[in-house]
Amino acid sequence: METRSFPGNVDSLDPLRDYIGELAQQAGLSKKSTYNLKVAIDEIATNIILYGYESEKITGTYNLLSEITETELIVILEDDAKPFNPLENELPDELDLSVPLEEREIGGLGIFLTINGVDDFSYDFSTGKNRNKFIMKKG
C-alpha cells in the first residue's frame with residue numbers, strides 16, 4: 001500500500017481532497033464515485049482533526065494508505081487519536097431525514113453519508129491506531 005501523511009489540522013483537508021481525486025482518477029472511478037469518496041473521507045478526516053486532535057489539544061498527523069487493485073480502490077485513514085468507531089454512532093433513520101434541516105439537531109448526517117456513499121466502510125482499532133477503511137469498486 002502507498003502511504004501519505006497529513007498534518008492533523010484543517011489546512012490539510014484541501015490537499016487531502018486533491019490527493020483523493022488523483023487516486024480516484026488513477027483507479028478509473030466515475031465522477032459520482034469520486035465525489036462520494038471525497039465526501040466520505042473528508043467527513044472522517046474532519047472528525048479526526050476536530051475531535052481526535054484539536055478538542056483534545058494534541059498535535060498529530062494522520063496517514064492515508066491506498067491501494068488500487070483490478071476491481072477496487074482501497075483507502076485507509078489511520079490516526080493515533082483516542083479510539084472512535086463511527087459505526088457505533090446512532091445514524092439518522094427515515095423519520096430523522098424527513099425533518100426539515102432547521103429543525104434537526106446537529107450531527108450524525110456526515111457519518112450517514114460516509115457509510116452510504118462508499119461501497120464498503122469498516123473501522124478497526126489496533127496497535128494504538130484508528131483505521132477507517134473505505135472501498136470503492138471500479139466500473
field: By side-chain hydrogen bond (donor to acceptor under 3.5 Å, both in side chains) - contacts of Glu70 (at least two apart)
entry: none
- request: Rounded to the nearest 0.5 Å, what's the gap from OH on Tyr51 to NZ on Lys82? Could you check?
  value: 10.5 Å
query: Is any side-chain heavy atom of Glu72 closer than 4.5 Å to a side-chain heavy atom of Ile74?
result: yes
task: Kindly state each residue pair satisfying ring-ring contact (aromatic ring centres under 6.0 Å, His included) with at least one member in residues 115-139, sequence neighbours excluded.
output: Phe121-Phe134
- prompt: Is there a chain of hydrophobic side chains (I, L, V, M, F, W, Y, each step under 4.5 Å between heavy atoms) that links Ile115 to Ile135?
  reply: no
field: Distance-only side-chain donor-acceptor flag, Asn132 / Tyr62, under 3.5 Å
entry: no
task: With sequence neighbours excluded, tell me which residues meet side-chain hydrogen bond (donor to acceptor under 3.5 Å, both in side chains) with Ser33.
output: Ser30
- prompt: Nearest 0.5 Å, what's the CD1-CE distance between Ile20 and Met136?
  reply: 11.0 Å
- request: With sequence neighbours excluded, tell me which residues meet side-chain contact (heavy atoms from CB on, under 4.5 Å) with Ala27.
  value: Leu29, Ile68, Leu73, Lys138
- request: Apply side-chain contact (heavy atoms from CB on, under 4.5 Å) to Glu2 and list each qualifying residue two or more places apart in sequence or on a separate chain.
  value: Tyr19, Ser66
task: Provide the closest heavy-atom pair for Pro7 versus Ser12 in the form atom of the first, atom of the second, distance.
output: O-OG, 3.0 Å
message: Taking side-chain hydrogen bond (donor to acceptor under 3.5 Å, both in side chains) as the definition, give me every residue that meets it alongside Asp119, ordered by chain and number, with sequence neighbours left out.
response: none
- request: Please check if Leu65 and Val75 belong to a single hydrophobic cluster, counting links between Ile, Leu, Val, Met, Phe, Trp and Tyr side chain heavy atoms closer than 4.5 Å.
  value: no
task: First locate atom OG1 of Thr61, then atom CG of Asp79, and finally report the distance between them rounded to the nearest 0.5 Å.
output: 9.0 Å
message: Which heavy atom of Asn130 sits nearest to which heavy atom of Ala81, and what is that distance?
response: ND2-O, 3.1 Å
- prompt: Taking side chain as C-beta onward, heavy atoms only, is Asp80 less than 4.5 Å from Tyr53?
  reply: yes
query: In the single-linkage hydrophobic clustering (I, L, V, M, F, W, Y; side-chain heavy atoms under 4.5 Å), do Leu16 and Met1 co-cluster?
result: no
- prompt: Of all residues at least two apart in sequence or in a different chain, which pass the salt bridge (Lys or Arg N to Asp or Glu O under 4.0 Å) check with Glu67?
  reply: none
Contacts of Thr46 that satisfy side-chain contact (heavy atoms from CB on, under 4.5 Å) - sequence neighbours left out: Leu13, Asp42, Leu50
message: Would you say Thr3 and Asn63 are linked by a side-chain donor-acceptor pair, where the criterion is simply a distance under 3.5 Å?
response: no
task: Please name all residues satisfying salt bridge (Lys or Arg N to Asp or Glu O under 4.0 Å) with Asp14, sequence neighbours left out, ordered by chain then number.
output: Arg17
- line: The side-chain hydrogen bond (donor to acceptor under 3.5 Å, both in side chains) partners of Glu54 (sequence neighbours excluded) come to none
- prompt: Which value, rounded to the nearest 0.5 Å, describes the distance between Ile44 atom CD1 and Ile49 atom CD1?
  reply: 11.5 Å
message: Check for me, please, whether Ile76 and Leu87 land in the same ILVMFWY cluster - side-chain distances under 4.5 Å, paths through other members count.
response: no
Summary of salt bridge (charged side-chain N to carboxylate O under 4.0 Å, His left out) pairs that have at least one residue in residues 121-132, sequence neighbours excluded: Glu78-Arg131
Cluster link Val10 to Leu77, ILVMFWY, side chain under 4.5 Å: yes
- prompt: What residues form a side-chain contact (heavy atoms from CB on, under 4.5 Å) with Pro15, not counting sequence neighbours?
  reply: Phe6
query: Does Val118 offer a backbone N or O that forms a donor-acceptor pair with the side chain of Asn36 under 3.5 Å?
result: no
